[in-house]
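Following: one structure in structure tokens, then a few remarks.
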Amino acid sequence: MITIGILAVQGAFIEHRHIFDKLNVKSFEIRQLKDLSLPMDGLILPGGESTTMGKLLKDLKMFDLLQEKINNGLPVLGTCAGMILLAKKLTNDEREYFKTMDIAVERNAYGRQLGSFFTFAKFNNIDIPMTFIRAPFIASCGDDVEVLSVVNDHIVASRQGNQIATAFHPELTDSTYVHEYFLELVKKNLSKA
Ligand code: GLN
């Protein structure tokens, strides 16, 4: 049975749990270092505030181990702030986090007025609802990165190996498609082992 660990130090983690409940997939919340020793087949980095999450991960001594797990191939889905945590580079911020994914990300990229919006667009060629909240977008990505969604000429979802990043919040809509896509990756990864 697949088990997904959901980072739960800050942000919209409970909504991800609800999606996995809907899909009958077991999940648990990662709140402190000891939770990282529980077995997990995939990891969710939720939306929230990347600066706060980054700081808490360091304060709680979870940062290095999480980074190591991602580098070792643990499948990960980073949404919004979670995408910022994965990015190799931020275009408008000095801060840096895991740097495991070859994407350059612009924080709060839509300005104040368009800070939050809702649209339908393709993710991996399937139309899905997308909720953006003070969202980042992917300003550029490396050759190994597959573009999964483009909205208003900006890349808003991508995959590199076992890492998926979305600028929008797939956990805040009725669609479970992004999570199912992630679970396919998790299953493929398990069958490789
Ligand atoms: N603006 C937030 C940040 O920079 C991300 C917003 C979100 O996760 N909804 O961390």
Side-chain angles (χ1 to χ4, degrees), residues 4-20 27 29-31 42-60 62-63 66-67 70 75-121 123 128-141 145 148-160 163-179 181-182:
I4 304 296
I6 303 178
L7 184 66
V9 294
Q10 192 263 337
F13 50 87
I14 200 78
E15 291 81 357
H16 282 283
R17 287 208 77 180
H18 292 155
I19 299 260
F20 288 116
S27 67
E29 289 168 22
I30 302 168
R31 296 179 173 274
L43 169 69
I44 298 288
L45 302 176
E49 190 54 43
S50 54
T51 50
T52 311
M53 260 193 259
K55 185 180 179 310
L56 285 170
L57 288 180
K58 297 239 162 97
D59 292 351
L60 294 164
M62 294 159 73
F63 186 90
L66 273 172
Q67 187 179 39
I70 298 168
V76 57
L77 168 62
T79 61
C80 204
M83 174 165 103
I84 293 171
L85 295 181
L86 292 173
K88 194 165 178 178
K89 190 180 155 28
L90 301 179
T91 58
N92 55 350
D93 200 309
E94 296 290 291
R95 278 169 274 234
E96 45 185 42
Y97 303 101
F98 296 133
K99 298 191 289 178
T100 48
M101 200 167 174
D102 195 5
I103 53 177
V105 167
E106 186 162 326
R107 283 189 66 203
N108 301 324
Y110 294 91
R112 263 195 222 160
Q113 298 209 312
L114 250 185
S116 301
F117 63 99
F118 176 84
T119 190
F120 277 88
F123 175 92
I128 59 161
M130 297 180 181
T131 297
F132 292 80
I133 303 171
R134 289 183 305 108
F137 61 57
I138 300 174
S140 64
C141 52
V145 178
L148 294 170
S149 301
V150 176
V151 170
N152 299 336
D153 291 331
H154 296 299
I155 303 169
V156 296
S158 66
R159 182 183 73 87
Q160 180 180 16
Q163 303 179 70
I164 302 171
T166 69
F168 54 91
H169 285 262
E171 77 286 9
L172 296 183
T173 62
D174 284 344
S175 168
T176 52
Y177 183 73
V178 172
H179 292 77
Y181 179 87
F182 172 62

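Position 1 is the first residue of the sequence; numbering continues from there. Since this is a predicted model, take the numbers as computed values, not measurements. Whatever order the structure lists ligands and atoms in, that order sets their numbers, starting from 1.
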Could you check ligand 1 for N or O atoms lying under 3.5 Å from protein N or O atoms and list the pairs with distances?
{"residue": "ligand 1", "atom": "1 (N)", "partner": "Asn108", "partner atom": "OD1", "Å": "2.6"}
{"residue": "ligand 1", "atom": "1 (N)", "partner": "Arg134", "partner atom": "O", "Å": "3.0"}
{"residue": "ligand 1", "atom": "1 (N)", "partner": "Arg134", "partner atom": "NH1", "Å": "3.3"}
{"residue": "ligand 1", "atom": "4 (O)", "partner": "Ser50", "partner atom": "OG", "Å": "3.4"}
{"residue": "ligand 1", "atom": "4 (O)", "partner": "Arg107", "partner atom": "NE", "Å": "2.6"}
{"residue": "ligand 1", "atom": "4 (O)", "partner": "Arg107", "partner atom": "NH2", "Å": "2.8"}
{"residue": "ligand 1", "atom": "8 (O)", "partner": "Gly48", "partner atom": "N", "Å": "2.9"}
{"residue": "ligand 1", "atom": "8 (O)", "partner": "Gly48", "partner atom": "O", "Å": "3.0"}
{"residue": "ligand 1", "atom": "8 (O)", "partner": "Ala81", "partner atom": "N", "Å": "3.0"}
{"residue": "ligand 1", "atom": "9 (N)", "partner": "Ile133", "partner atom": "O", "Å": "3.0"}
{"residue": "ligand 1", "atom": "9 (N)", "partner": "His169", "partner atom": "NE2", "Å": "2.8"}
{"residue": "ligand 1", "atom": "10 (O)", "partner": "Ser50", "partner atom": "N", "Å": "2.6"}
{"residue": "ligand 1", "atom": "10 (O)", "partner": "Ser50", "partner atom": "OG", "Å": "2.7"}

Between Tyr181 and Phe123, does the ring centre distance come in under 6.0 Å?
-> yes

If you look at every heavy atom in Leu85 and Leu45, which pair is closest and at what distance?
-> CB-CD1, 4.4 Å

Taking only Lys NZ, Arg NE, NH1 and NH2, and the carboxylate oxygens of Asp or Glu, determine whether Glu49 and Arg107 approach each other closer than 4.0 Å.
-> yes

Glu29 and Arg17 ion-paired at < 4.0 Å | yes

Between the main-chain N or O of His154 and the side-chain N or O of Asn152, is there a donor-acceptor pair closer than 3.5 Å?
->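 Judged by distance alone, no pair lies under 3.5 Å.
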
Do Gln67 and Thr100 have side-chain N/O donor and acceptor atoms under 3.5 Å apart?
->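 Checked: Gln67/Thr100 side chains show no N/O donor-acceptor pair below 3.5 Å.
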
